[in-house]
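Data first, discussion second: the structure below is written as structure tokens.
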Amino acid sequence: MKIPANLTCCSRLMLLCLFLELLLETEAENIRYSVPEEIDKGSFVGNIAKDLGLKPQELADRRVRIVSKGRLQLFALNPRSGSLVSAGRIDREELCAQSTPCLVSFNILVEDKMKLFPVEVEIIDINDNTPQFQLEELEFKMNEITTPGTRIPLPFGRDLDVGMNSLQSYQLSSNPHFSLDVPQGPDGSQHPEMVLQNPLDREEEAVHHLTLTASDGGDPVRSGTLRICVQVVDANDNPPAFTQAQYHISVLENVPLGTHLVMVNATDPDEGANGEVTYSFHNIDQRMAQIFHLDSYTGEISNKEPLDFEEYKFYSMEVQAQDGAGLMARAKVLVNVLDINDNAPEVTITSVTTAVPENFPPGSIIAVISVQDEDSGDNGHTTCFIPRNLPFKLEKLVDNYYRLVTERTLDRELTSVYNITVTATDRGTPTLSSETHISLLVTDINDNPPIFHEDSYSAYIPENNPRGASIFSVRAHDSDSNENAQVTYSLTEDTIQGALLSSYLSINSDTGVLYALRSFDYEQFRDLQFRVTARDNGNPPLSSNVSLSLFVLDQNDNVPEILYPALPTDGSTGVELAPRSAEPGYLVTKVVAVDRDSGQNAWLSYRLLKASEPGLFSVGLHTGEVRTARALLDRDALKQSLVVAVQDHGQPPLSATVTLTVIVADSIPDVLADLGNIKTGADPDDSGLTLYLVVAVAAVSCVFLAFIILLLGVRLRRWHKSRLFQPAEAGLACVPASHFVGVDGVRAFLQTYSHEVSLTADSRKSHLIFPQPNYADTLISQESCEKKDFLSAPQSLLEDKPETFSQ
């Protein structure tokens, strides 16, 4: 390469460094050693660890090994010294025959990186073979009239060594009639010929014995001998003559045994025994003599063994024709073996990884594959491939090596095991192929969190449940395997009404079954909202949450609670007042009750359970209103006792009762008069106490009535002024909400009753209620709605005021 003159010294130095680096890389890629044949087993060949850039101990750590094409392993690695050593007997002649140089090629595989390094070892020949002749003794006949200068070809000597160790010279024993001439052939080989120097005389000497010696150029020199016996016969005018000097034939390697390949033909114009020609092989290799058969009478050549293109591509034979008098002629037969596609490609798994994690990156090496086809040309040209629907691909390496690599990221949840079929085909006709199988296990990594079957869950539990009862079961699925798929469950920490969630509920960490740790009360809370966590046992662990709503179902566990009439704390019964002039249907009082349950468990019904005078009063089934069933008569008793039962619609139903005392009188004086007429068997001192009590009640009632009249006057005046600024409101919208009974917190329609007085007839204490006239019966009229402000006196004044007088 020409370097421009204008380059600086620094630039030239950089170019030189680059050139040296490329040179070193080229040498590193081709590791070459030389070793003589027939060395002892375990002999040093080369420092392979150094040439690979590794330390000796790294050979085992990085799984460095030899990968060879053939089945015979000639070399091995010494992991202690890091050297390449011989693994057995190395015979150059067996490996390479006459080829030079004799190179043994193999590859060094660094398995942890799946990298191949080609290595060549040249086998150096030593002089370990002696020149040999195919025959130990050669006999032939010569006519005594043979002219001097006649040349008789002699058999070749064979030496398996090469170079100076091969056959170098021939020597013929001394004889006055014969001499030796060794001309060279076109390929440089030596062809010994015996030349007749002087005429033969059968009568003088009938048989001549000579020795031909072949010597090599080794140190020490090795030699072999051939004994030659020449019989002198009477005159024979004509030697045999072949029709062709060379016979050429091409034959397929798969011809059947005994196939007629070629027929040589030699003629001799002499008569009798002098004209009878026989054929034989001359200077033929021993292996060829085993393969081919020559008919000595017809000259037909056939095959005794199958022909194999991979063993011999070309056979060269020399056929000799001899008549009865001993005259000879020779011709060459050249057999060219044509290759057929009779060898399928051989696929060998050099190195393979049987299990990989599913997060194996694309481009990672799975296996190194070798493909060999012993055929030639297109018959030996191979193509290797795998199915296209797999996440792998084949990449071509040196020689006929391939590597199987991942093409994309693997997913064990989609496919956990891959059965990869590697197919190799040649280009012969017909095409031959072979295949091998690689089973690859994809190991799991924790890449999938547990997934609940539902986005959210709802569970229901009746109140008053036993502690430890099973409530619900959640289930999460993890697509991973083994410990990565083992799911444990837990409750997310939270507080409910100031208490930890774990004090209410617990969950089985293995099964996901939810348990109640306490008995729930619907009246305390009706639902719980919390989250359940599912976590796997991978590293790192993955988790997911799901919300769960737990609804408490109501049970009929609460007895109806009577709000009105409220029982006095002193143990006496409530007293209601009914005028004797009351018409049938007159509202005497109203029983108001609530139930803390819900639904039908809180639906209440009222009924009159017991009355001192049946038929006089009735109770509304759904309203609890106590009304007169008929007109009151003078004969009706002053004091009427009623027992009202309140019952819900739960299963089983629960009920409560209240006892009412109704005093029949038109006015307070009548009450006092009637009470005075009531004869009792009490102590006479009680009458004086009752008198004082009645006087006190009358006085308080008068003061209270006067206050009510004053208050109503003030209210009426304000109402009259408000009518000047605000339009009248119609309909039921003007009725105060507090006058009606609600479902969840019953507000009693108590506006009817405005005053309580405690009286007693038979004891020192009793309970007396004075009703206010008929407000309840007129609330639904339009006119009464306009008088809303007039009627809506302060609640504290209109509510029942118990006043107890003691004497």
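All values derive from a computational prediction rather than experimental measurement. For reference, positions follow the sequence shown, starting with 1.
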If we count only N and O atoms by modelled type, under 3.5 Å, do the side chains of [X] and [Y] hold a donor and an acceptor together?
X: Gln651; Y: Gln600; value: no
X: Ser605; Y: Gln647; value: no
X: Gln640; Y: Glu613; value: yes
X: Thr533; Y: Tyr489; value: no
X: Asn484; Y: Asn537; value: no
X: Asn558; Y: Asp597; value: yes
X: Glu413; Y: Asn448; value: yes
X: Asn446; Y: Asp536; value: yes

Can you measure from [atom1] ([X]) to [atom2] ([Y]) and round to the nearest 0.5 angstrom?
X: Tyr564; Y: Thr589; atom1: OH; atom2: OG1; answer: 4.5 Å
X: Ser509; Y: Ile507; atom1: OG; atom2: CD1; answer: 8.5 Å
X: Leu577; Y: Thr661; atom1: CG; atom2: OG1; answer: 12.0 Å
X: Gln529; Y: Leu501; atom1: CD; atom2: CG; answer: 11.5 Å
X: Thr492; Y: Phe530; atom1: OG1; atom2: CZ; answer: 9.5 Å
X: Leu654; Y: Asp557; atom1: CG; atom2: CG; answer: 8.0 Å

Check whether any side-chain N or O of [X] sits under 3.5 Å from a backbone N or O of [Y] as a donor-acceptor pair, and report yes or no.
X: Ser612; Y: Ser641; answer: yes
X: Glu463; Y: Gln555; answer: yes
X: Thr488; Y: Arg535; answer: yes
X: Ser364; Y: Phe360; answer: no
X: Arg531; Y: Asp494; answer: no
X: Glu625; Y: Leu587; answer: no
X: Thr409; Y: Glu358; answer: no

Do Phe472 and Tyr460 have their ring centres less than 6.0 Å from each other? no

Taking the ring of Phe525 and the ring of Tyr504, is the distance between their centroids below 6.0 Å? yes

Measuring only between side-chain heavy atoms, which start at C-beta, is Val591 closer than 4.5 Å to Val619? no

Do Asp478 and Ile451 have side chains that approach each other closer than 4.5 Å (heavy atoms only, starting at C-beta)? no

Evaluate whether atom [atom1] of [X] has more than 12 neighbouring non-hydrogen atoms of other residues, nucleotides or ligands under 6.0 angstrom away.
X: Arg518; atom1: CZ; result: yes
X: Glu561; atom1: CD; result: no
X: His453; atom1: NE2; result: yes

Assess whether side chain to side chain donor-acceptor pair (under 3.5 Å) is satisfied between Asn601 and Asp648, documenting all intermediate values. CA-CA 6 Å; Asn601 295 329; Asp648 58 28; over 6 Å; no

Tell me, with the steps shown, if Asp636 and Arg630 meet salt bridge (charged side-chain N to carboxylate O under 4.0 Å, His left out). CA-CA 11 Å; Asp636 291 331; Arg630 60 176 175 79; 3.2 Å; yes

Does Val644 form a side chain to side chain contact (heavy atoms under 4.5 Å, CB included) with Arg607? I'd like the steps, not just the answer. CA-CA 6 Å; Val644 178; Arg607 61 189 179 91; over 6 Å; no

Testing Asn359, Asp444, Thr443 for side chain to side chain donor-acceptor pair (under 3.5 Å) with Arg412, which one passes? Asp444

Can Ser598 and Tyr522 be said to form a side chain to side chain donor-acceptor pair (under 3.5 Å), step by step? CA-CA 9 Å; Ser598 65; Tyr522 176 83; 3.0 Å; yes

